[in-house]
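What follows is a set of notes on a single structure, which appears directly below.
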Amino acid sequence: MIVKIYNFENMNIKKQFETIKKNTEEVIPEDELLRKLEKSSKTKTPLRIKWGADPSAPDIHLGHTVVLRKLRQFQDLGHIVIFIIGDFTARIGDPSGKDTTRPKLSVEEIKKNSTTYKEQVFKILDKQKTEVVYNSAWLENMKFDGLMQLFSFQSVSQTLQRNEFKKRMENGKDIRMLEFIYPLIQGYDSVVLKADVEIGATEQKFNLLMGRTLQKKYGQEPQVVITMPILEGLDGKQKMSKSLGNYVGVSEMPENIYGKIMSIPDELILRYFKLLTFLKSEDIKDIEISLKKENPKQIKEKLACTIVQDLYNKKHAEEAKTTFDAKHTPGKSLDDRIKHIKPEVKKISPSQLKEGKIWICSLLTTIKATASNSDARRLVEQGAVYIDNEKITDHKSEIALSKSKNTLITVGKRKYYETTLTE
RNA sequence: GGGGAGAUACUCAAGCGGUCAACGAGGGCAGACUGUAAAUCUGCUGGCUAUGCCUUCGAGGGUUCGAAUCCUUCUCUCCCCA
């Protein structure tokens with residue numbers, strides 16, 4: 001079917017199309033995307049690619065970058081990304097269940113989150129080709145008659161077909177009216193912005209399609225919907241999300257990002273390469289082959305380096321690798337490891353010392369290595385704590401700190417701290 | 001509007017007057033092993049300078065020598081009927 005649409009004189013468009021389609025879950029409908037690309041090229045008008053974000057969480061993680069990378073591809077092809085910050089909807093919140101995805105936020109919080117959001121997003125997106133808009137701009141002053149009209153366009157039974165709602169109904173969970181209308185609001189955004197394409201994760205499919213539906217109702221050419229796969233988290237099982245703790249934030253320290261990537265299960269390596277890098281198809285194929293021959297560790301190292309490099313730069317990636325190797329190469333003594341690790345520096349005030357000493361549990365809690373004294377005590381008893389490379393086994397130990405020399409504290413395999421004694 | 005069921009730690013889920021800081025499972029953390037991961041084994045998983053004490057079983061009040069457990073009011077949720 002689609003083959004017919006390809007024209008000989010339009011090789012470029014076909015290439016664009018293939019590039020865009022790569023690694024997506026679905027393009028709905030494909031032929032419309034082709035037509036839009038053609039029209040854009042003929043009229044020299046860039047397409048408007050919509051992407052919405054909810055500023056309720058201040059951090060974006062690698063899971064989000066799957067979509068961001070796709071947007072970036074559009075930009076590299078000359079199109080424009082419209083980045084909607086859902087400040088209005090964030091202000092209202094979403095009281096659904098326990099796993100509140102949209103807590104009610106104050107204006108200040110939203111502002112703050114939006115700022116960090118923008119910073120993080122532009123690690124992937126091209127700033128020059130991005131328009132940032134806030135949905136309060138049109139939602140805040142919407143009149144009730146406008147709302148009624150909007151509501152009249154969608155039926156309850158249709159909304160209930162949404163998978164998420166279906167599941168909730170089956171499991172006896174509640175659904176709020178508010179949640180019911182969120183898709184409409186999001187879809188209405190597409191109408192206001194006259195979006196050509198909207199991209200989101202597969203779980204957003206229903207909402208994205210609502211944009212199409214509503215644009216048709218309002219007499220517009222409907223947007224093409226592109227869904228991207230949902231990235232598995234570090235555990236390799238569940239989707240990457242902050243609340244599950246299996247995520248990598250794009251603003252994390254390079255060493256952290258590197259370390260976290262190195263902890264993914266082997267089965268995930270190829271998928272991460274596909275979704276989290278811009279490698280060409282040929283290179284991906286090579287990786288697939290070498291995964292069967294080589295020790296996957298080496299390939300994972302390459303993956304971790306590439307991701308860090310994209311988010312920071314090459315130098316950071318190399319440093320992160322050195323640090324990681326120092327921490328994790330077996331057989332190396334703690335002494336050896338420390339040489340290459342930058343411990344987190346923590347200040348201790350002398351007023352916390354008694355005769356130059358501090359109780360071990362109190363010390364660990366003060367530098368936030370542990371959540372409480374009890375927690376610290378447990379870790380000490382389990383032999384996880386080292387002070388200046390010496391294992392501490394007695395939870396009653398008093399540690400002497402001096403101004404002349406910093407003290408190195410190791411908790412478990414991953415946490416390294418250095419304390420300095422200052423006011 | 002009427003009737004029924006329920007709310008327990010990060011999650012699921014036991015407990016239904018004392019022996020409950022609360023069985024069990026998952027998750028998490030730590031130790032051993034390893035490739036860093038997975039798998040496996042072991043320990044820990046409310047707080048407190050701690051063989052004891054304090055706070056926690058949706059919220060408040062009450063009964064009792066003693067409450068997660070009984071009564072009562074409230075809040076929230078689910079199911080059935082209208």
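Computed from a prediction, not measured in an experiment: that's the story for all the values here. Naming convention: chains lettered A, B, ... in sequence-line order (proteins, then strands); numbering from 1 in each chain.
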Between [N] and [M], how far is it from one [atom1] atom to the other, in whole Å?
N      : M      : atom1 : result
G18(B) : U69(B) : P     : 11 Å
U8(B)  : U55(B) : C1'   : 16 Å
A14(B) : A68(B) : C1'   : 12 Å
G66(B) : U11(B) : P     : 32 Å
G46(B) : U40(B) : P     : 24 Å
G1(B)  : A9(B)  : P     : 31 Å
C41(B) : U49(B) : P     : 36 Å
A21(B) : A50(B) : C1'   : 14 Å

* Asked: Are side-chain N/O atoms of Thr370(A) and Thr365(A) paired as donor and acceptor at under 3.5 Å?
  -> yes

* **Residue pair Thr407(A) / Glu418(A), side-chain donor-acceptor N/O under 3.5 Å** => no

Could you work out, with ring pair (Phe, Tyr, Trp, His ring centres under 6.0 Å) as the rule, every residue matching [X], not counting sequence neighbours?
X         : answer
His316(A) : Tyr312(A)
Phe153(A) : Tyr218(A)
Tyr117(A) : none

Whom does [N] pair with, Watson-Crick or G-U wobble, provided both distances fall under 3.5 Å?
N      : result
U64(B) : none
G17(B) : none
G1(B)  : C81(B)
C41(B) : G31(B)
C48(B) : G52(B)
C10(B) : G26(B)

* **Base orientation of U51(B), syn vs anti, 90° cut from 0** =>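 Syn for U51(B); the angle stays within 90° of 0.
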
Which whole-number value in Å describes the distance from [X] [atom1] to [N] [atom2]?
X         : N      : atom1 : atom2 : result
Asn246(A) : A37(B) : CG    : P     : 17 Å
Leu379(A) : G28(B) : CG    : P     : 16 Å
Leu234(A) : A38(B) : CG    : P     : 11 Å
Trp359(A) : A50(B) : CH2   : C1'   : 9 Å
Asp375(A) : C44(B) : CG    : P     : 15 Å
Lys415(A) : C29(B) : NZ    : P     : 9 Å
Asp235(A) : U11(B) : CG    : P     : 18 Å
Ile269(A) : G35(B) : CD1   : C1'   : 11 Å

* Structure fact -> When rounded to the nearest 0.5 Å, the distance separating CD1 of Ile199(A) from NZ of Lys70(A) is 7.5 Å

Verify the contact: side-chain N or O of [X] to OP1 or OP2 of [N], cut-off strictly under 4.0 Å; return yes or no.
X         : N      : result
Asn295(A) : G35(B) : no
Arg378(A) : G47(B) : yes
Ser372(A) : G46(B) : no

* Which residue, Gly412(A) or Pro296(A), contacts RNA chain B at a nucleotide closer to its 5' end, judged by nearest heavy atom? -> Gly412(A)

* Asked: So which of residues 254-266 of chain A are in contact with RNA chain B, with a heavy-atom cut-off of under 4.0 Å?
  -> Met262(A), Ser263(A), Ile264(A), Pro265(A), Asp266(A)

* Find out whether Glu252(A) and Tyr247(A) are in side-chain contact, i.e. whether some heavy atom of one side chain is under 4.5 Å from a heavy atom of the other. =>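 Yes, close enough: below the 4.5 Å cut-off.
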
* Asked: Are any non-hydrogen side-chain atoms of Pro254(A) and Glu319(A) less than 4.5 angstrom apart?
  -> no

* Could I get the full list of side-chain hydrogen bond (donor to acceptor under 3.5 Å, both in side chains) partners for Thr366(A), not counting sequence neighbours? => none

* For Arg377(A), what residues pass the side-chain hydrogen bond (donor to acceptor under 3.5 Å, both in side chains) criterion, not counting sequence neighbours? ->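 Once residues adjacent in sequence are excluded, Arg377(A) has no partner under the side-chain hydrogen bond (donor to acceptor under 3.5 Å, both in side chains) criterion.
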
* Asked: Of the nucleotides A30(B), C33(B), G35(B), which has the atom closest to the Lys300(A) side chain?
  -> G35(B)

Would you tabulate the nitrogen or oxygen pairs shorter than 3.5 Å linking the protein to nucleotides 41-43 of chain B?
residue: G43(B); atom: N2; partner: Gln382(A); partner atom: OE1; Å: 2.7
residue: G43(B); atom: N3; partner: Gln382(A); partner atom: OE1; Å: 3.0

Using a 3.5 Å cut-off and no angle test, enumerate the donor-acceptor pairs between side-chain atoms of residues 283-290 of chain A and protein atoms at least two apart in sequence or in another chain.
residue: Ser290(A); atom: OG; partner: Asp286(A); partner atom: O; Å: 2.9
residue: Ser290(A); atom: OG; partner: Ile287(A); partner atom: O; Å: 3.2

* Scan residues 355-364 of chain A for pairs that pass side chain to side chain donor-acceptor pair (under 3.5 Å), counting only residues two or more places apart or in two chains. => none

